[in-house]
Amino acid sequence: MLNTIFQGLFDADTVSVIAVSDFLICVGCALVIGLILAFAYMYRTRYTRSFVVTLAMLPAVVCVVIMMVNGNVGTGVAVAGAFSLVRFRSVPGTAREIGSLFLAMGAGLICGMGYLGFAFLFAIILGAVLVLYSRLDFGARTNDGRYKTLRITIPEDLDYTEVFEDLFAEYTQRHELVSVKTTNMGSMFRLTYNVTLGDSKKEKELIDKLRCRNGNLEIGISRQETATAEL
């Protein structure tokens, strides 16, 4: 009787209906797997509440979708199109967030196919690897403090093409002028450089010499950030 209630109106006699008990077991396992992946993502990572809640629920959502498709190619294509629409209406995330979403979707896919043991094994192994990489700071740039963005304001009568070249040759390993902008009604230039310091302890010494060269106008230095669009 219970299985009859959950039978689809358009199911043919040859279509096998998923038992309610099997459905609940798969969804429950997917929710547990989602919690495992969410806790693994939260380890030593800045996160938002909405993202980790979504990450915890995503395996169950994918699991239900896969169970409902149940081998129907046409329905599978429609579901793929719906997911693509959601993707293009979402805000671009970091590579770590996108990877975590794919991880949750993969676990939900395995759950929906009924391989619960493999789904748990997949989630535990990949979650442990994610925690391990976070613990080891895998991929972090060495000597990150030497990569700086330098902003220098100079008067308009000062030729900026080679005015700081000797200082950069002395204090930096690499420098690149990335932008030139007029400011203060065109009476000054603001130069932006990406530099790699030779010795991060001589940062103040470099700034002091730059101040003598640019007439003690504004100088700003900050950590060099990776472009947001890059993965």
Approximate separation, where rounding is to 0.5 Å, of [X] [atom1] and [Y] [atom2]:
X      : Y      : atom1 : atom2 : result
His175 : Asn194 : NE2   : CG    : 11.5 Å
Thr182 : Met188 : OG1   : CE    : 12.0 Å
Leu167 : Lys209 : CG    : NZ    : 7.0 Å
Thr54  : Glu97  : OG1   : CD    : 10.5 Å
Phe164 : Leu177 : CZ    : CG    : 10.5 Å
Ile125 : Phe118 : CD1   : CZ    : 10.5 Å

Quick one: do [X] and [Y] end up in the same hydrophobic cluster if we chain Ile, Leu, Val, Met, Phe, Trp and Tyr together by side-chain heavy atoms under 4.5 Å apart?
X      : Y      : result
Phe39  : Met57  : no
Val62  : Met113 : yes
Tyr41  : Phe120 : yes
Tyr147 : Leu206 : no
Met105 : Ile110 : yes

Heavy atoms, side chains only, cut-off 4.5 Å: are [X] and [Y] in contact?
X      : Y      : result
Leu116 : Cys111 : yes
Thr183 : Glu218 : no
Leu210 : Leu150 : yes
Ser200 : Lys148 : no
Arg96  : Leu130 : yes
Leu55  : Tyr47  : no

Original post:
When you look at Phe122 and Leu103, which way does the side-chain contact (heavy atoms from CB on, under 4.5 Å) test go after all the steps?
Top reply: CA-CA 9 Å; Phe122 172 79; Leu103 183 61; 3.4 Å; yes
Shortest non-hydrogen contact from [X] to [Y]?
X      : Y      : result
Arg213 : Leu158 : O-CD2, 3.8 Å
Ser222 : Arg151 : OG-NH1, 3.3 Å
Val52  : Arg49  : CG2-O, 3.2 Å
Asn214 : Thr153 : ND2-O, 2.7 Å
Met67  : Gly112 : CG-O, 3.3 Å
Ala60  : Leu31  : CB-CD2, 3.6 Å

Original post:
Looking at residues at least two apart in the chain, or sitting in another chain, which of them share a side chain to side chain contact (heavy atoms under 4.5 Å, CB included) with Glu162?
Top reply: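 Per chain and number, Glu162 pairs via side chain to side chain contact (heavy atoms under 4.5 Å, CB included) with Glu165.
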Original post:
Got a donor-acceptor contact below 3.5 angstrom from the Arg146 side chain to the Leu197 backbone?
Top reply: yes
**OP:** Give a yes or no answer on whether the side chain of Arg211 reaches the backbone of Ile219 with a donor-acceptor pair at less than 3.5 Å.
**Re:** no
**OP:** May I ask you to check whether over 12 heavy atoms, not counting those of Arg135, lie within 6.0 Å of atom CZ?
**Re:** no
Original post:
Between Phe168 and Tyr193, does the ring centre distance come in under 6.0 Å?
Top reply: yes
